[in-house]
2 protein chains.
Amino acid sequence: MALNQSDSGSPEGSPAASSSIGKPLMLNASIRRAMTDSAQAHPLSVSTGDYIKAIWTIAGDGAALTKEVSGHLAVAPASVTNMLGRLQTMGFVEYERYHGASLTERGHEEALRLVRRHRLIETFLLEHLGYTWEEVHDEAEKLEHAVSDVFTERLSEFLGHPGHDPHGDPIPTREGILQPDDSKPLGEAEAGQKVRISKVSDESIPMLDYLGERGLVPGRVLTVREIRDIDGVVVVEDADGGIHHLGGPLVKSVFAQRIG
Amino acid sequence: MALNQSDSGSPEGSPAASSSIGKPLMLNASIRRAMTDSAQAHPLSVSTGDYIKAIWTIAGDGAALTKEVSGHLAVAPASVTNMLGRLQTMGFVEYERYHGASLTERGHEEALRLVRRHRLIETFLLEHLGYTWEEVHDEAEKLEHAVSDVFTERLSEFLGHPGHDPHGDPIPTREGILQPDDSKPLGEAEAGQKVRISKVSDESIPMLDYLGERGLVPGRVLTVREIRDIDGVVVVEDADGGIHHLGGPLVKSVFAQRIG
DNA sequence: TGCAAACTTTAGCCAAAGCTAAAATATTTC
DNA sequence: GAAATATTTTAGCTTTGGCTAAAGTTTGCA
Ligand SMILES: [Mn+2]
Ligand SMILES: [Mn+2]
Ligand SMILES: [Mn+2]
Ligand SMILES: [Mn+2]
């Protein structure tokens, strides 16, 4: 059986480079690593990337504290201290003992590159592979570290260069520019306003499902009918005249921009 | 800037599981790993997978020798010895010192799972993302370790459940069945025979390009006009009457089946 | 048959990332 | 302003998966 076996497992095209000499093979390994690092610009391990993204998510331009990162990545504080030191050595963060780490320019670029990948991949999974919200994030969390720049740009093209992912988060450009977002949670709107949903928080899957079923997705235009102070419920009317009563947690998760 | 940050970097949906206790966090980490390993059945590291695939590629059902694996993966022989021992402990190979390693049933399954992924991914990259032959293999070599079973099956569906990748290698089924292939290199054909190209070796990119440009791809029907013993050149005529003179290396790379 | 060459294993290292426990430093709280 | 509490760091270990050099086996060839 198994007569048919190509697809050589060797990392490059080099099939069994040396036959018996021994030395050249070792050199190849380190030279290859060095070239990959500088030229292909993809040296980051999964961990490194996740730490950088975590700092960006937690602190943006500011400093992320050890414990925040520790909580975010479900990793022991001591591990974080260790990694922050290493990230500084690598030039991705500025780190001050006991006062957290903030991203350098390079760290910031790297974070945005990962976010770009993550959001493009999520878009692809949802729109073309029939993924559910449940499945999407975990897959993207792994693939973002495995795909190349070439893949990323080809995928963006395949998707029609979307500016936002399916739940409305902006996708950073190849150049690392992230659309600023001035939208506010529905809960902060005022009765009578006409608004357009810009984003739905992807933190809760059930909410995404609930809102998706009702058509309360980015792009939808709503009229705010009532903001009830007693219980925080917001009543909105959609373009088809449908009325929706949204409780506190929901109106914190739906972001909208005023229009008209 | 960077106002907009969702896409929590935390591996699962658990956003900052613990606030200050400390202990539960550690437990979470190991429990998660254990569950992932057994339930999701995706525990293999990149290295582990590449070794298993290498053994399959080199030896199929037989035993792969240390040096063969070492050459294939561009890794020192001592590293191979070490990993083969570990693979045996993990149950993927049967290993005898000085006599190489052969895949167990489980190892075989794992190899085919990776090959399935690899070939489906290559198909997608070529047919939908506009990759060239040059780019395709390296990307697949990395992604095969990152995609989930769900991704693999959704992708297969997206592609229309192809049985072969673009250069003709059969794609193992989800159940781990690999189409046996009884085709032979064009060089072993006989003058006058009518044959159908079944596969083109993907070991040489220039050859793939050359053959691709001339339409000598899997599925094409040819009539063998001449087998010249002196220089090993094979002359074939394609369905449009085009004549092709293929030298030794090429006729070893093009596989065909007799028809008619 | 008997050695030299080829191959493989052993032994001893290394770096990346993680962990725990204990020590050090900040921050609260009274 | 000092004690209690929370956070962070240090120190010391672990697992993967590499590498080199040296020692041990197998094989091929005279
Ligand atoms: Mn391939
Ligand atoms: Mn990730
Ligand atoms: Mn996400
Ligand atoms: Mn691989």
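Naming convention: chains lettered A, B, ... in sequence-line order (proteins, then strands); numbering from 1 in each chain.
- Whole-Å rounding puts the H99(A) NE2 to dT8(D) P distance at 10 Å.
- When the nucleotides dA17(C), dC19(C), dT9(D) are ranked by their closest atom to the side chain of P77(A), dT9(D) comes out on top.
- Distances were taken from every side-chain heavy atom of M83(B) (C-beta onward) to each of dG18(D), dC19(D), dC19(C); the shortest belongs to dG18(D).
- Side-chain nitrogen and oxygen atoms of T66(A) include at least one within less than 4.0 Å of the OP1 or OP2 phosphate oxygen of dT9(D).
- Summarising the geometry, the separation between CG on N82(A) and P on dA16(C) is reported as 10 Å, rounded to the nearest angstrom.
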Subject >> Secondary structure string for DNA chain C (Watson-Crick or G-U under 3.5 angstrom, | for other-strand pairs) >> reply: ||||||||||||||||||||||||||||||
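- In this model, the phosphate group of dC7(C) is not approached by any side-chain N or O of T81(B) to a distance below 4.0 Å at OP1 or OP2.
- Regarding Y51(B), its OH atom lies at a distance of 11 Å from the C1' atom of dT16(D), rounded to whole Å.
- Taking 4.0 angstrom as the limit, T48(A) places none of its side-chain polar atoms (N or O) nearer than this to OP1 or OP2 of dA16(C).
- Atom CD1 of I52(B) is separated from atom P of dG17(D) by 11 Å (rounded to the nearest Å).
- Atom OG1 in T81(A) sits 8.5 Å away from atom OH in Y98(A) (nearest 0.5 Å).
- Distance check: T48(A) OG1 to M83(A) CE gives 4.0 Å after rounding to the nearest 0.5 Å.
- How far CE of M207(B) is from CD1 of I205(B): 11.0 Å, rounded to the nearest 0.5 Å.
- The pair R113(A)-E110(A) meets the salt-bridge criterion, since a charged nitrogen lies less than 4.0 angstrom from a carboxylate oxygen.
- Just one residue in the list R116(A), R117(A), R119(A), K53(A) forms a salt bridge (Lys or Arg N to Asp or Glu O under 4.0 Å) with E144(A), and that residue is K53(A).
- In this structure, the nucleotide among dG18(C), dT16(D), dA16(C) sitting nearest to the side chain of R86(B) is dT16(D).
- In this structure, the NZ atom of K67(A) is 18 Å from the C1' atom of dA24(C), given to the nearest Å.
- Comparing atom distances between the A78(B) side chain and each of dT10(C), dT8(C), dG18(D) picks out dT10(C) as nearest.
- Atoms CD1 and CG, from I52(A) and L44(A) in turn, are 5.0 Å apart once rounded to the nearest 0.5 Å.
- Nearest to the side-chain atoms of L65(A) among the listed nucleotides dG17(D), dT8(D), dT8(C) stands dT8(D).
- Within the nucleic acid shown, S47(B) comes within 4.0 Å of sugar-phosphate atoms alone, with no base atom in reach, counting heavy atoms only.
- Atom CG of L84(A) and atom C1' of dT8(D) are 11 Å apart (whole Å).
- The phosphate of dT9(D) (OP1 or OP2) has a side-chain N or O of Y95(A) nearer than 4.0 angstrom.
- The shortest distance between the side-chain N/O atoms of S45(B) and the OP1/OP2 oxygens of dG17(D) is below 4.0 Å.
- Straight-line distance from the CG atom of L87(B) to the P atom of dG18(D): 10 Å, rounded to whole Å.
- In this structure, R97(B) places its CZ atom 14 Å from P of dA11(C), rounding to the nearest Å.
- For Y98(B), taking side-chain heavy atoms from C-beta onward, the closest of the listed nucleotides dT8(D), dT25(D), dC19(C) is dT25(D).
- Atom CG of residue L143(A) and atom CZ of residue F124(A) lie 10.0 Å apart, to the nearest 0.5 angstrom.
- Other residues, nucleotides and ligands place no more than 12 heavy atoms under 6.0 Å from the CZ atom of R97(B).
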